[in-house]
Amino acid sequence: MSKIISSPIPRVALLIETTRSYTRDILSGVRSFLAVHGPWSCFVELRAFDSIPPPWLKTWRGDGILTRTHTQEMADLLAATGIPTVELRSTDILHPFPFIGMDNRLIGRSVADHFLTRGYRHFAAYTIDNESFFRERNENFIEAVSDAGCACPTLATKENTSHLDWETEQSRLEDWLTQLPKPLGLFATSDALGVRVLDACQRA
């Protein structure tokens with residue numbers, strides 16, 4: 001009887017933030033995949049949006065990497081490993097990896113269609129443009145609304161760096177929302193901006 005030799009299971013690094021609900025859902029999705037198609041030996045560590053590239057990556061000899069890349073330094077380090085890598089974050093950063101993620105153009109149009117099919121004719125967009133995927137969402141929401149013959153005033157913001165920035169921005173947002181015609185179909189570019197909108201509405 002010949003001896004059955006088992007192959008070692010794939011070793012995969014998951015360079016994905018653990019600090020956000022969206023990215024924890026990605027990790028949960030990986031776990032669900034492995035329950036059916038696994039096993040993998042997964043290297044996971046606590047990571048934040050601004051975590052530095054892990055020092056061990058330069059000498060790691062794994063079989064694959066799933067990553068959400070936030071800096072060019074990280075992208076360059078990943079490319080230098082030569083390990084097959086899949087990018088899970090839409091980004092302007094230059095990298096050679098295949099990308100799997102949200103269709104941000106479709107997101108903008110889907111939100112517009114949601115409002116239009118419910119009879120809304122007044123629209124606005126609370127926007128931030130520090131990422132390409134935010135710009136795609138904004139532009140396609142505004143374009144879809146415009147195609148329907150409706151105007152879409154916008155209010156642009158930036159990331160707050162202090163409690164004073166927060167208070168100033170919330171006052172500005174509250175004033176803007178108060179002046180807009182109602183009922184209003186309002187597009188917030190991100191979940192974080194949606195939280196700001198809800199807070200400003202409560203203040204008003």
Side-chain angles (χ1 to χ4, degrees), residues 16-29 47-51 67-72 74 87-94 99-204:
I16 299 168
E17 310 101 284
T18 55
T19 54
R20 301 180 176 202
S21 60
Y22 171 69
T23 49
R24 289 195 296 271
D25 284 345
I26 292 177
L27 292 170
S28 177
R47 293 188 62 78
F49 178 81
D50 55 355
S51 290
T67 181
R68 281 177 45 87
T69 308
H70 298 283
T71 66
Q72 191 64 54
M74 182 70 161
E87 178 60 64
L88 302 177
R89 181 176 181 269
S90 177
T91 177
D92 289 328
I93 295 169
L94 298 176
F99 165 70
I100 297 175
M102 291 183 283
D103 185 336
N104 289 285
R105 289 170 291 187
L106 181 60
I107 288 173
R109 287 199 163 268
S110 295
V111 175
D113 290 344
H114 173 81
F115 287 136
L116 288 165
T117 57
R118 285 157 179 77
Y120 285 85
R121 289 299 176 265
H122 299 300
F123 300 92
Y126 184 44
T127 68
I128 191 167
D129 68 354
N130 60 340
E131 296 280 4
S132 60
F133 49 87
F134 290 154
R135 291 191 292 274
E136 287 178 344
R137 295 175 192 178
N138 298 338
E139 292 165 1
N140 283 274
F141 175 81
I142 295 168
E143 181 180 327
V145 166
S146 298
D147 289 346
C150 302
C152 185
T154 64
L155 180 68
T157 188
K158 59 184 180 180
E159 292 186 60
N160 294 323
T161 57
S162 72
H163 71 282
L164 294 177
D165 289 341
W166 168 267
E167 290 299 332
T168 299
E169 178 61 19
Q170 288 308 99
S171 295
R172 187 172 76 107
L173 177 57
E174 181 183 345
D175 291 342
W176 181 66
L177 290 170
T178 302
Q179 297 169 20
L180 293 171
K182 315 295 187 305
L184 177 71
L186 177 65
F187 178 57
T189 301
S190 70
D191 294 346
L193 295 195
V195 170
R196 295 188 199 180
V197 168
L198 293 175
D199 178 78
C201 288
Q202 289 175 331
R203 292 185 181 206

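Note that the coordinates shown come from a computational prediction; the quantities given were computed from them, not determined experimentally.
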Practice item. May I ask you to test the R89-E131 pair for a side-chain heavy-atom distance under 4.5 Å? Key: yes
Point to revise | Residue pair L155 / Y126, side-chain heavy-atom distance below 4.5 Å | key: yes
Review point. Are L173 and R203 close enough that some pair of their side-chain heavy atoms sits under 4.5 Å apart?
Key: no
Check your understanding: Just how far is it from atom CG of D191 to atom CZ of R196, taken to the nearest 0.5 Å?
Key -> 12.5 Å
Practice item. Of all the heavy-atom pairs spanning V145 and A151, show the shortest one and how long it is. Key: CG1-O, 3.8 Å
**Study point:** Exercise: do R47 and T23 side chains pair donor with acceptor under 3.5 Å
**Key:** no
Practice item. Find out whether W166 and D199 are in side-chain contact, i.e. whether some heavy atom of one side chain is under 4.5 Å from a heavy atom of the other. Key: yes
Practice item. Mind listing the closest non-hydrogen atom pair of L116 and A144 along with its distance? Key: CD1-O, 4.2 Å
Review point. Which value, rounded to the nearest 0.5 Å, describes the distance between T154 atom OG1 and F141 atom CZ?
Key: 11.0 Å
Revision key, fill the gap. dist I93:CD1 -> H70:NE2 (nearest 0.5 Å) comes out at 8.0 Å
Practice item. Could you tell me whether the side chain of E87 reaches within less than 4.5 Å of the side chain of I100, counting heavy atoms only? Key: no
Review point. Do the side chain of S28 and the main chain of R24 share a donor and acceptor less than 3.5 angstrom apart?
Key: no
Check your understanding: Which pairs, with at least one residue in residues 178-188 and sequence neighbours excluded, count as a side chain to side chain donor-acceptor pair (under 3.5 Å)?
Key -> none
Review point. Would you say the side chain of Q72 lies within less than 4.5 Å of the side chain of L94, judging by non-hydrogen atoms?
Key: yes
Check your understanding: Backbone N or O of I16 within a donor-acceptor pair of the R68 side chain at under 3.5 Å?
Key -> no
Review point. What pairs meet the side chain to side chain donor-acceptor pair (under 3.5 Å) rule with one or both residues in residues 138-149, with sequence neighbours excluded?
Key: R109-E143, R109-D147, N138-T189
